Structures are given as C-alpha cells and as structure tokens.
2 protein chains.
Amino acid sequence: MKIGELAKKAKCTVETIRYYEKVGLLPASSRDNINNYRLYNKSHLERLTFVRHCRALAMSHEEILVLLQARNQPAQKCDSIDQLIDDHLQHVTVRIKELQKLEAQLLKLRLQCQTPTDSQHCGILQDLEQAIEDNSTDKNFSHVAGSH
Amino acid sequence: MKIGELAKKAKCTVETIRYYEKVGLLPASSRDNINNYRLYNKSHLERLTFVRHCRALAMSHEEILVLLQARNQPAQKCDSIDQLIDDHLQHVTVRIKELQKLEAQLLKLRLQCQTPTDSQHCGILQDLEQAIEDNSTDKNFSHVAGSH
DNA sequence: TAAACACCCTGAAGCGGCTTCAGGGTCAAG
DNA sequence: CTTGACCCTGAAGCCGCTTCAGGGTGTTTA
Ligand SMILES: [Zn+2]
Ligand SMILES: [Zn+2]
Ligand SMILES: [Zn+2]
Ligand SMILES: [Zn+2]
C-alpha cells in the first residue's frame, strides 16, 4: 500500500508519516523500484496505529519509543510498561491540576471587572499590573502541553 | 537598572527579557553610551511584570499584545479586555476537559494489566494495538499547552 | 597589576511535534 | 496531451523560550 492509503487507515496525514520515519518512530519502508514511492504492509499499519494511539493519549515520542521497544521483546517482564503508564498518567494529572489553578485565578481575575468601564478603570488591567503571586506552576512543565 | 536586576525583580531570566524585546513584548530600552548595556526604569519593570503575570496565566503572546495595547489607551472601553479574558478562560477550560478525557482513558488502559506478566501478554500493549477510538481531542488544540 | 569572576552583548541553533512551502516527478483518465 | 491526483525531497515555520558560541566589560582580590 502507498503512503496515502496508510495515512487514511491510520487517520493521519502523509506528512506525519514521513516525519515519523525521519525521527525513527516508524522504520524506513521499502520502496517501489520504479518510482521510489514508499510501500507499506499490514505490520506498518499496526505499528503506526500503535503510535497514533499513544499520541492520542499525549505520550511523548520518548515514551512511545520505550513502549515500541517493549513490544519488540515479547518475553520480557512488563513492569516497566505498567510503570510508564503510571508515570504518564501522573504527567496528565499534574497538568490538569496546574490548569485548574490557572482556571481559578482567571475566574478571580474576571470578577475584577463586572460592569464594563474604560481601560483606565478596568479592574482586570489593574490586577494584571500587580506583582506576581508565587505560583510554582511556571517552571514545572512536565511534557503534556498547554491549553491553546 | 541593568538587565540582571530587572530579571531578578520580575523573576525571569535575562535571556527571556532579551527575547521579549526581540519579539516586541517589551520596547527596546535605552542603552548605556559607554558599554551598550541595556538600561531600564520603573515603567519597564511594570510592563514586564504585566507580561509575566499574563504568561503565568498561560496567555499567548498575541493575547498579551492585545492587553498591552488596551493598557496604552486608557480612555477606551474595556469590553474587549473582558471578552479576551473570557475567551482565554475558555481555552483553559477546554484544555482541562480534554486532559480529563485522556486521564480517564489512561486509567482504563492501566487497568488492562493488574498483575504484571510479560510484554507478550500485557493487556496495556494489547489495548494500544487496537484501533483508535475517535477522540476529537487530537485536532482541537487551542493555545494552552499540554501535560509534559 | 594581573588574574579571576560576575556580568553584559550578539546571533544562531535547538527543543517537540508536527505543518507548510517550494519545486519538482509519476501516473491514470478523458 | 493535458488535467489533476498522488508521490518525492529538503528547508523553513510555528510557539515560547533556552542554550550555545564567542566575545566585551567591570569589580574584586592575590
Ligand atoms: Zn508523559
Ligand atoms: Zn473591564
Ligand atoms: Zn488563550
Ligand atoms: Zn503489563
């Protein structure tokens, strides 16, 4: 199968597939001798599906690589896999808590201007000019991305 | 005041300050004629504090620029400010919900391997090889970053 | 007075996880 | 024989910084 078909089956773009090959999440496929098109089979699709599933769960490429390696060593213990999921779950949980803190702060900020006025007297702007409360939030970026 | 002192007072790095100047979040400061060092005053500190406060709330540079402009037009109505905060609050709220979905999916995944075995029989790996359930999550990236 | 050390400067590259762009080649249908 | 769908490569862009390379400045101390 050609790259476009694989992309459709895995619900991603062809560019993403080429990118995954470049960074080593997918092995380089064989090529059509005549036109140099990439050619894939079922096992490529399975691996890509695995990767996309992991990405849908917001795992980092590094985390996914560990899982892929484990997948290739069927006889080994799976402790490390279970641990990786636990750790990643923590990444997500921590990030949720950070964002909930932000949410609360933003709600509080929003209340500073209940009846619209001009910028000069807007409680929101005034609040933003105050010194920063110490949130440990800013530095503790685990690997799960933000809100935008 | 020199850049190091400003950085300390605003609780950020000097590199961040130089970066903000480059991308226009801070205006270019005046310079010491002799050694070309950047020189700052209280109003620079106030503006930087404002920016850092916004960043601590995970606003994007684009959003911050809008607020900075409003701050420079004290006589105008503040509707747009209030609206911007509401919108940004939505960015955060949406991202929290996305991450909570992930959290639930990860918890479910984790339960697939309650008693450690080998990779071949690990329910987690088996689950990850299944087709992807349709989460609308993947594409709806608003501007608030992830969990890592 | 010289060496050590802390601070300042610039410009470029790197991070992650892609997406987009520029500039092509391939191939079936009409 | 042209249109349009698909494929290729390599480089650059996105965001919000951080890090690096390669310097200059300025104070302190041996
Ligand atoms: Zn993780
Ligand atoms: Zn207002
Ligand atoms: Zn926002
Ligand atoms: Zn297991």
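What you see is a predicted model, and the numbers here were worked out from it, not measured in a lab. By convention in this document, chain letters (A, B, ...) are assigned in the order of the sequence lines, proteins followed by strands, and residues within each chain are numbered from 1.
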His91(A) NE2 - dG16(C) P separation (whole Å): 14 Å

Euclidean distance, atom CG of residue Leu26(A) to atom C1' of dG17(C) [Å, nearest integer]: 14 Å

Enumerate donor-acceptor pairs with a distance under 3.5 Å from any side-chain N or O in residues 76-84 of chain B to protein atoms, sequence neighbours excluded.
{"unit_1": "Gln83(B)", "atom_1": "NE2", "unit_2": "Asp87(B)", "atom_2": "OD1", "d": "2.9"}

Ile34(A) CD1 - dC6(D) C1' separation (whole Å): 16 Å

Please write out the pairs of protein N or O atoms and N or O atoms of nucleotides 9-13 of chain C separated by less than 3.5 Å, giving the distance to one decimal.
{"unit_1": "dC9(C)", "atom_1": "OP1", "unit_2": "Arg38(B)", "atom_2": "N", "d": "2.7"}
{"unit_1": "dC9(C)", "atom_1": "OP1", "unit_2": "Arg38(B)", "atom_2": "NH1", "d": "3.0"}
{"unit_1": "dC9(C)", "atom_1": "OP2", "unit_2": "Arg18(B)", "atom_2": "NH1", "d": "2.7"}
{"unit_1": "dC9(C)", "atom_1": "OP2", "unit_2": "Arg38(B)", "atom_2": "NH1", "d": "3.4"}
{"unit_1": "dC9(C)", "atom_1": "O3'", "unit_2": "Arg31(B)", "atom_2": "NH1", "d": "3.4"}
{"unit_1": "dT10(C)", "atom_1": "OP1", "unit_2": "Arg31(B)", "atom_2": "NH1", "d": "3.3"}
{"unit_1": "dT10(C)", "atom_1": "OP1", "unit_2": "Arg31(B)", "atom_2": "NH2", "d": "2.9"}
{"unit_1": "dT10(C)", "atom_1": "OP2", "unit_2": "Arg38(B)", "atom_2": "NH1", "d": "2.9"}
{"unit_1": "dT10(C)", "atom_1": "OP2", "unit_2": "Arg38(B)", "atom_2": "NH2", "d": "2.6"}

Nearest-angstrom distance from the residue atom CD1 of Ile17(B) to C1' of dT19(D): 17 Å

Residue Thr16(A), side-chain atoms from C-beta onward, closest of dC18(C), dC8(C), dT18(D): dC18(C)

Spacing between Tyr20(A) atom OH and dT19(C) atom C1', to the nearest angstrom: 12 Å

Can you check nucleotides 2-4 of chain C for protein contacts, nitrogen or oxygen pairs under 3.5 Å, and list what you find?
none

Candidates Lys2(A), Lys8(A), Lys9(A) - the one meeting side-chain hydrogen bond (donor to acceptor under 3.5 Å, both in side chains) with Glu5(A): Lys9(A)

Nearest-angstrom distance from the residue atom CD of Glu63(B) to C1' of dG16(D): 14 Å

Any Thr13(A) side-chain N or O less than 4.0 Å from OP1/OP2 of dT19(C): yes

Nearest atoms (heavy-atom pairs only) where Arg47(A) meets Leu26(A): CG-CD2, 4.0 Å

Leu25(A) or Asp32(A), whichever maps to the more 5' nucleotide of DNA chain C: Leu25(A)

side-chain N/O His61(A) vs dG16(C) OP1/OP2, d < 4.0 Å: no

CD/Gln69(A): more than 12 non-hydrogen atoms of other groups inside 6.0 Å: no

Backbone N/O of Pro74(A) and side chain of Arg71(A): donor-acceptor pair under 3.5 Å: no

Rounded distance in Å - CD (Glu15(A)) to C1' (dC7(D)): 11 Å

Gln100(B) and Gln100(A), any side-chain heavy atoms less than 4.5 Å apart: yes

Shortest non-hydrogen contact from Gln130(A) toward Thr49(B): O-CG2, 3.6 Å

Separation of dG26(D) P from Asn33(B) CG (nearest whole Å): 12 Å

Leu25(A) and Leu68(A), any side-chain heavy atoms less than 4.5 Å apart: yes

Short side-chain N/O contact to dC18(C) OP1/OP2 from Arg52(A), under 4.0 Å: yes

Side-chain ion pair, Glu98(A) and Arg95(A), N-O less than 4.0 Å: yes

